[in-house]
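Just below is one structure, and these are the notes that go with it.
Heavy atoms only: backbone and side chains are in, while hydrogens, waters and symmetry mates are out. This one's a predicted model, so the numbers in the text were calculated from it and none came from an experiment.
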Amino acid sequence: MKVFLTGASSGLGSALARRYAAEGAVLGLYARRVDSLRQLAGTLASATCAVYAGDVRDAAALRAAAHDFMARYGTPDVVVANAGVSIGTLTASEDDNDPFRTVLDTNVLGMVHTFQPFLSAFVAGKRGKLVGVASVAGFRGLPGLGAYSASKAAAISYLESLRVELRGSGVEVITLCPGYVATPMTEQNPYPMPFLLSADEAARLMVRAITRGHRFYVFPWQMAWVGRLLRALPRPIYDLAFARAPRKPRARSI
């Protein structure tokens with residue numbers, strides 16, 4: 001098996017890399033922090049790893065990495081668009097315009113940039129899995145997380161559009177929606193995180209869902225029920241319940 005994975009340097013990405021390495025996969029690992037990537041690759045001594053440093057907002061860098069990986073190892077079986085950022089944002093603050101742009105460009109366009117270089121090879125081979133990591137936060141708009149909720153809602157809709165476009169091509173599109181996972185992205189959250197998963201457990205569930213070909217997978221199962229409830233709540237009740245909910249800190253570092 002061959003797997004190309006973005007956001008591989010920490011959190012869910014590194015956990016996914018370890019999980020796939022344990023299964024004997026050939027890995028293409030892409031992330032901004034090359035030192036962390038190399039350190040991770042060094043711990044995967046039994047696996048074949050290609051390391052690529054770059055930002056998913058940079059379409060040309062991703063294209064170069066994808067072409068290099070395919071030239072060396074062939075077309076991957078699975079491409080996981082995992083890279084993402086989360087930051088508290090407020091529309092009233094002009095200082096948050098750049099964080100809004102960073103979150104939306106990374107979490108949505110970064111997914112497009114990840115899939116594009118592989119898509120023609122997948123369609124030509126009539127096989128392959130394109131996996132996008134969205135979030136339960138995309139089900140409803142969360143206060144103080146306008147950029148993140150909007151980006152994950154957009155990712156969910158984008159992945160659905162792509163799945164329908166590719167129907168009958170042999171290419172699978174899989175949407176993964178985790179709840180809370182213990183990663184550097186969530187460690188500063190100043191509010192309770194029910195049903196919190198370790199990154200390793202989340203990766204186990206994700207790989208299982210990818211292997212089974214789930215089109216849309218919310219996990220853990222408790223959060224799947226919470227997600228159904230959130231989607232079903234009438235707007236007046238949702239607004240009342242969440243208007244005073246704790247908010248993620250606005251930070252200038254992403």
Min side-chain heavy-atom separation Arg33-Ser10 under 4.5 Å: yes

Test item: Lys2 and Leu27 side chains (from C-beta on) under 4.5 Å apart, heavy atoms: no

Flag side-chain contact, heavy atom, 4.5 Å: Val26 against Val3: no

Parallel, tilted or perpendicular: rings of Tyr238 and Phe242 (30°, 60°): parallel

Nearest heavy atoms of Leu12 and Val181, plus distance in Å: CD2-CG1, 4.1 Å

Set of ring pair (Phe, Tyr, Trp, His ring centres under 6.0 Å) partners for Phe195, sequence neighbours left out: none

Compile the donor-acceptor pairs under 3.5 Å between side chains in residues 165-178 and protein atoms, sequence neighbours left out, one pair per line.
from, atom 1, to, atom 2, distance (Å)
Ser169, OG, Leu166, O, 2.6
Ser169, OG, Val171, N, 3.1

Residue pairs passing the side-chain hydrogen bond (donor to acceptor under 3.5 Å, both in side chains) test where at least one lies in residues 147-157, sequence neighbours excluded: Asn107-Ser151

Non-hydrogen atoms of Ala83 and Thr6 that approach each other most closely: N-OG1, 3.1 Å

Heavy-atom pair with the smallest gap, counting every atom of Gly110 and Thr114: O-OG1, 2.7 Å

Within-4.5 Å side-chain heavy-atom neighbours: Leu159 and Phe115: yes

Set of ring pair (Phe, Tyr, Trp, His ring centres under 6.0 Å) partners for Phe69, sequence neighbours left out: Phe4, Tyr73

Which residues share a ring pair (Phe, Tyr, Trp, His ring centres under 6.0 Å) with Phe216, sequence neighbours left out: none

Pairs where residues 25-67 contributes a residue and the test ring pair (Phe, Tyr, Trp, His ring centres under 6.0 Å) is met, not counting sequence neighbours: none

Side-chain touch Ile87/Thr89, heavy atoms, less than 4.5 angstrom: yes

Salt bridge (charged side-chain N to carboxylate O under 4.0 Å, His left out): pairs with one or both residues in residues 100-120, sequence neighbours excluded: Asp98-Arg101

Pairs where residues 213-234 contributes a residue and the test side-chain hydrogen bond (donor to acceptor under 3.5 Å, both in side chains) is met, not counting sequence neighbours: Arg208-Tyr217

By salt bridge (Lys or Arg N to Asp or Glu O under 4.0 Å) - contacts of Glu23 (at least two apart): none

Taking distance alone, no hydrogens or angles, what donor-acceptor pairs closer than 3.5 Å link side-chain atoms of residues 125-145 to residues at least two apart or in another chain?
from, atom 1, to, atom 2, distance (Å)
Arg127, NH2, Asp77, OD1, 2.0
Lys129, NZ, Ile210, O, 2.5
Lys129, NZ, Thr211, O, 3.2
Ser135, OG, Ala137, N, 2.9
Arg140, NH1, Leu230, O, 2.5
Arg140, NH1, Leu233, O, 3.0

Salt bridge (charged side-chain N to carboxylate O under 4.0 Å, His left out) partners of residues 50-60, not counting sequence neighbours, each pair once: Asp55-Arg57

Sequence neighbours excluded - salt bridge (charged side-chain N to carboxylate O under 4.0 Å, His left out) pairs with any residue from residues 61-74: Asp68-Arg72

